[in-house]
Undergrad: 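Let me begin by handing over the structure; questions about it come next.
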Amino acid sequence: MPSSENNEPSSSSRPPSSRPRTHWFAKALLWLAGLAVAGVAGVMLTVAVALAMAYPNLPDVSELADYRPKLPLRIYSAEGALLGEFGEERRTLTPIQDIPKVMTDAVLAIEDTRFFEHGGVDYKGIARAALANLGSGGKSQGASTITMQVARNVYLSSEKTFTRKIYEVLLTFKLERLLSKNQILEIYMNQIYLGNRAYGFAAASEAYFGKPLKSISIAEAAMLAGLPKAPSAYNPISNPKRARIRQLYIIERMQENGFITAAEAAQAKQEELKISSGSNNTRVHAEYVAEMARQLIYAQYGNEAYTRGINVYTTLNAGEQDAAYTALRQGIMDYERRQHYRGPEKFIALPKEAEAQEDAIDDTLANHPDNGNVLSAVVLEASARKIVATRADGDKFEITGDGLKPALSGLSDKAPPNIKLRPGAVIRVVKTPKNTWEITQLPEVEGAFVALNPKTGAIRALVGGFDFGKNKFNHVTQAWRQPGSTFKPFIYSAALEKGFSPSTMINDAPIFFSAGATGGQPWEPKNYDSRYDGPMSMRTGLNKSKNMISIRLLQAIGPKFGQDWITHFGFDAEKHPPYLTMALGAGSVTPMQMAAGYSVFANGGHRVNPWLIARVTDHKGRVLSEFQPQPLEQTPEAIPPRNAFIMNSLLQDVARVGTAARAQATLKRPDIYGKTGTTNDSVDAWFGGFQPTLAAVTWIGYDTPRNLGSRETGGGLSLPVWISFMQHALKGVPVAELPVPPGVVNVGGEWFYEENARNPGVSSLGMEDGAAPGNGSAPPAPEERNRILDLFRN
């Protein structure tokens, strides 16, 4: 039997070309393998060289060990309510231990599940992301770890280049070597941009939900965790649908990674979130106060004020500030309701197609934003009995009955085109207490309100105008206006020092000044109601706000003495020339000055300076500066305590039976004091008053002075604002009884300086002309007229 070897072909029997072809193929494989190895080596060498060259140029990351991001300037009320925020980056630096676990879990679930396992670069994650990008259908996960994002966000640009990626990886390794995982996570949670000017999750929680980070739910945390990928695309305010889709995906990821249970996930998916509707989430309307504080801090710290995390604590009481804001706006809108209708703000053409119409309305109302409770809308239908309008949310509503009264002129068939209410008209509406709609308009008139603690000068509430966004001019501190009759108490105070008493009889009779005597126009001052009631007590003269009484008082004590006396209350002498017109409040004051002036009466005679900032701290709470007011006893005595006491008695009567009787009647407490004021031609309407723990002033008028209306007065316009504020501010405040100071006695139910009780002092004034009570217009006796005219010649 032949051997098996004989069955195999011998080498000599193979085809001649077989050996060379195999040899060539093997050599080719070796050549390709060598080329690949050389290529890999070349790439590795190139990367190594690049890394070697890049590493020395890396920034010093040691500063992150003491992480100090840009922190905004924040203004707070005395209780800690946020009033305002200034700076390019809205951020609240929050230590990692104060960040709720639900927030970090949500972030880790979507951004870097293996954060605590990898060394900065997640190689498994890179492989997983590559595979996911090939077949996930859009739900891929990124390969950048949280450490890589910190390196990029803090030190690098967002451009996608090979060089930047090298730097990012090197910085990642450097950060992982220098910092702990918790430090890196803390930086990320505070540094990342999340849209709406919010940096970090604490700021984002306030921006989007109006609540502190510690209070967020699983659903809210998942919504916030979706923002780092694309803050604008997943913004719950501007893109709620996309934000919702990403939120649901993150909730699923949290469940998959064991951060939450299936039941918690289901509940979170069903939770209805209350998203803030705007970028300004300041809950207390104190924009004018915040701007005042900003200016003061900037003057001290310069641009650094906006980046070093300075916290400013003001003297403002948040509740009283809200009450002041609401009261002033309501008072102005009540006045606006009595004005003629000026017409819609704009007219637009309404497309017939529903979708196009919605777009046109949305675009228009975006340019006519709501102003507090004064909302914008577009008219869809208009008739004499009904208006159908729509808001930006697409909901339609009707205005009927009394709600149409403020704009009846715009519904008339004869209405001019510019005020005619028709489809496409952009109007303003408000909700009434009966939950119906009323048409209105943004006011042209302005106002101011300020309240002080009269014993310290601390500002408790301040509203500088109807709307800070519309008019940033602070009328409390910047508006110089005639005070009218609210200035009379300071003239009466001066008269007490010249021997007058509340019981002094003064003649309410006409006075006339000729053009020749004054060197100008003839002047015949009149009482507000043009009535002259003859002799009356000084107390009654103030109650009724009689101009003739004030003029005769100033004439008797001398305008120069009156000018000097008012400076005791903080008024500028040069703003009040020493003429008899000063008795009618013809000088210039600011509402802040008036509040400080009335505080002198309220605190028993001491001059206090208004102040706003109580404490300034850095972002860690360390006090940078602090202000403590002097005890009242150590402040300058502006007027004698007995003068203040008797003036308080007079002002209490004004609020009880005088022009401000509505004050005590509404507030139902006796410790209310004040004075109304209406300037000539009803240009300015005032009320200044106090309760011994709180002094406040209201002013209403036009920026360019003009008549408010023949029937508009301080008692009708400004007093209701003051009362509304005090109804809130005085809740729970005990009724105050003023102690009787030395040197004052009561005789027959009236208060006197002790020396005037024994010797009556000035018992009467202006009686020599014999004017009788009534509506007579006889000029004063020649002797009295000459004495008065002599004052104008000085």
Side-chain angles (χ1 to χ4, degrees), residues 82-85 196-197 206-210 235-240 273-288 290-291 321-322 324-337 339 341-348 350 357-380 382 387-399 403-404 406-407 410 421 423-447 463-472:
L82 182 64
L83 306 180
E85 194 173 41
N196 208 22
R197 279 185 50 238
E206 292 284 355
Y208 294 109
F209 302 123
N235 187 313
I237 296 174
S238 57
N239 289 302
L273 302 187
K274 295 180 179 179
I275 306 296
S276 172
S277 59
S279 60
N280 183 5
N281 296 299
T282 301
R283 287 168 292 213
V284 180
H285 281 284
E287 294 85 355
Y288 291 96
E291 175 59 16
Q321 178 65 24
D322 272 338
Y325 175 82
T326 302
L328 182 63
R329 283 179 64 94
Q330 186 61 52
I332 289 176
M333 291 307 298
D334 287 344
Y335 169 79
E336 192 60 45
R337 194 174 288 111
Q339 307 312 301
Y341 187 58
R342 296 185 292 276
E345 295 180 11
K346 187 178 181 178
F347 296 95
I348 63 169
L350 292 175
Q357 186 178 106
E358 289 179 6
D359 291 342
I361 291 172
D362 287 347
D363 291 342
T364 300
L365 294 183
N367 293 320
H368 295 264
D370 295 342
N371 188 301
N373 62 337
V374 184
L375 311 178
S376 57
V378 174
V379 174
L380 299 178
I387 286 177
V388 178
T390 184
R391 301 253 303 125
D393 56 14
D395 290 342
K396 297 179 182 179
F397 60 92
E398 294 182 356
I399 310 172
L404 296 174
L421 286 165
V426 180
I427 61 173
R428 295 282 169 170
V429 295
V430 293
K431 263 288 183 65
T432 70
K434 296 181 180 179
N435 205 34
T436 60
W437 291 98
E438 179 180 89
I439 192 168
T440 187
Q441 56 192 347
L442 285 175
E444 293 181 343
V445 76
E446 274 294 355
V463 187
F466 180 78
D467 176 51
F468 182 77
K470 173 173 163 256
N471 187 350
K472 293 178 173 55

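Counting from 1, the numbers follow the sequence of the chain as shown. Quick note: numbers below take in every heavy atom, side chains included, and nothing from hydrogens, waters or symmetry partners. As the structure is a prediction and not an experimental result, all values here were calculated from the model.
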Undergrad: Which pair of heavy atoms, one from I361 and one from V378, lies closest together, and at what distance?
TA: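 Between these two residues, the closest heavy atoms are CG2-CG2, 4.1 Å.
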Undergrad: Determine whether F209 and I275 make a side-chain contact, defined as any pair of heavy atoms from C-beta on separated by less than 4.5 Å.
TA: yes
Undergrad: To the nearest 0.5 Å, how far apart are CG in N373 and NZ in K431?
TA: 11.5 Å
Undergrad: Any idea which heavy atoms bring Y341 and P406 closest together, and the distance?
TA: CB-O, 3.5 Å
Undergrad: Treating T390 as the side-chain partner and D395 as the backbone partner, does any N or O pair qualify as donor plus acceptor under 3.5 Å?
TA: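 Looks like yes, one N/O pair under 3.5 Å.
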Undergrad: Could you measure the distance from the CD1 atom of I439 to the CD1 atom of I399? Nearest 0.5 Å is fine.
TA: 5.0 Å
Undergrad: Can you name the nearest heavy-atom pair linking G447 to I332, along with the distance?
TA: N-CD1, 3.8 Å
Undergrad: With side chain to side chain contact (heavy atoms under 4.5 Å, CB included) as the criterion, how do L83 and Q321 come out once you've worked through the C-alpha distance, each side chain's angles and the decisive distance to 0.1 Å?
TA: CA-CA 10 Å; L83 306 180; Q321 178 65 24; 5.6 Å; no
Undergrad: Show the nearest heavy-atom pair for residues A377 and R391, with the distance to one decimal.
TA: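 Closest heavy-atom pair between A377 and R391: CB-CD, 4.4 Å.
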Undergrad: Should D363 and I348 be marked as a side chain to side chain contact (heavy atoms under 4.5 Å, CB included) after you check the CA-CA gap, both sets of side-chain angles, and the distance that decides it?
TA: CA-CA 11 Å; D363 291 342; I348 63 169; over 6 Å; no
Undergrad: Of the non-hydrogen atoms in G465 and L328, which two are nearest, and what is the gap between them?
TA: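 Closest approach of G465 to L328, heavy atoms only: O-CD2, 4.2 Å.
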Undergrad: Is there a side-chain contact between V445 and Q339, using heavy atoms and a 4.5 Å cut-off?
TA: no
Undergrad: Look at the rings of H285 and Y325 and say which category their plane angle falls in: under 30° parallel, 30 to 60° tilted, over 60° perpendicular.
TA: parallel
Undergrad: Could you give the distance from CD (E291) to NZ (K472), rounded to the nearest 0.5 Å?
TA: 8.5 Å
Undergrad: Taking the side chain as every heavy atom from C-beta outward, state whether R329 and V463 have any atom pair closer than 4.5 Å.
TA: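 No, side chains not in contact.
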Undergrad: Quick check on side-chain contact (heavy atoms from CB on, under 4.5 Å): which of D370, V430, T440 does L375 satisfy it with?
TA: D370
Undergrad: Run the numbers on E336 and L442 for side chain to side chain contact (heavy atoms under 4.5 Å, CB included), then give the verdict.
TA: CA-CA 8 Å; E336 192 60 45; L442 285 175; over 6 Å; no
Undergrad: How far does CD1 of I427 sit from CD of Q441, to the nearest 0.5 angstrom?
TA: 11.5 Å
Undergrad: Assess the residue pair L82 and E206 against the criterion (side chain to side chain contact (heavy atoms under 4.5 Å, CB included)); give the C-alpha distance rounded to whole Å, side-chain angles, the decisive distance to 0.1 Å, and a yes or no.
TA: CA-CA 11 Å; L82 182 64; E206 292 284 355; 6.0 Å; no
Undergrad: If I take atom CG from residue N471 and atom CZ from residue F466, how far apart are they, to the nearest 0.5 angstrom?
TA: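 The CG atom of N471 sits 11.5 Å away from the CZ atom of F466.
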Undergrad: Which atom names give the shortest non-hydrogen contact between A392 and D362, and what distance separates them?
TA: O-OD1, 3.3 Å
Undergrad: With rounding to the nearest 0.5 Å, note down the distance linking CH2 in W437 to CG in L404.
TA: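 Interatomic distance, W437 CH2 to L404 CG, rounded to 0.5 Å: 14.0 Å.
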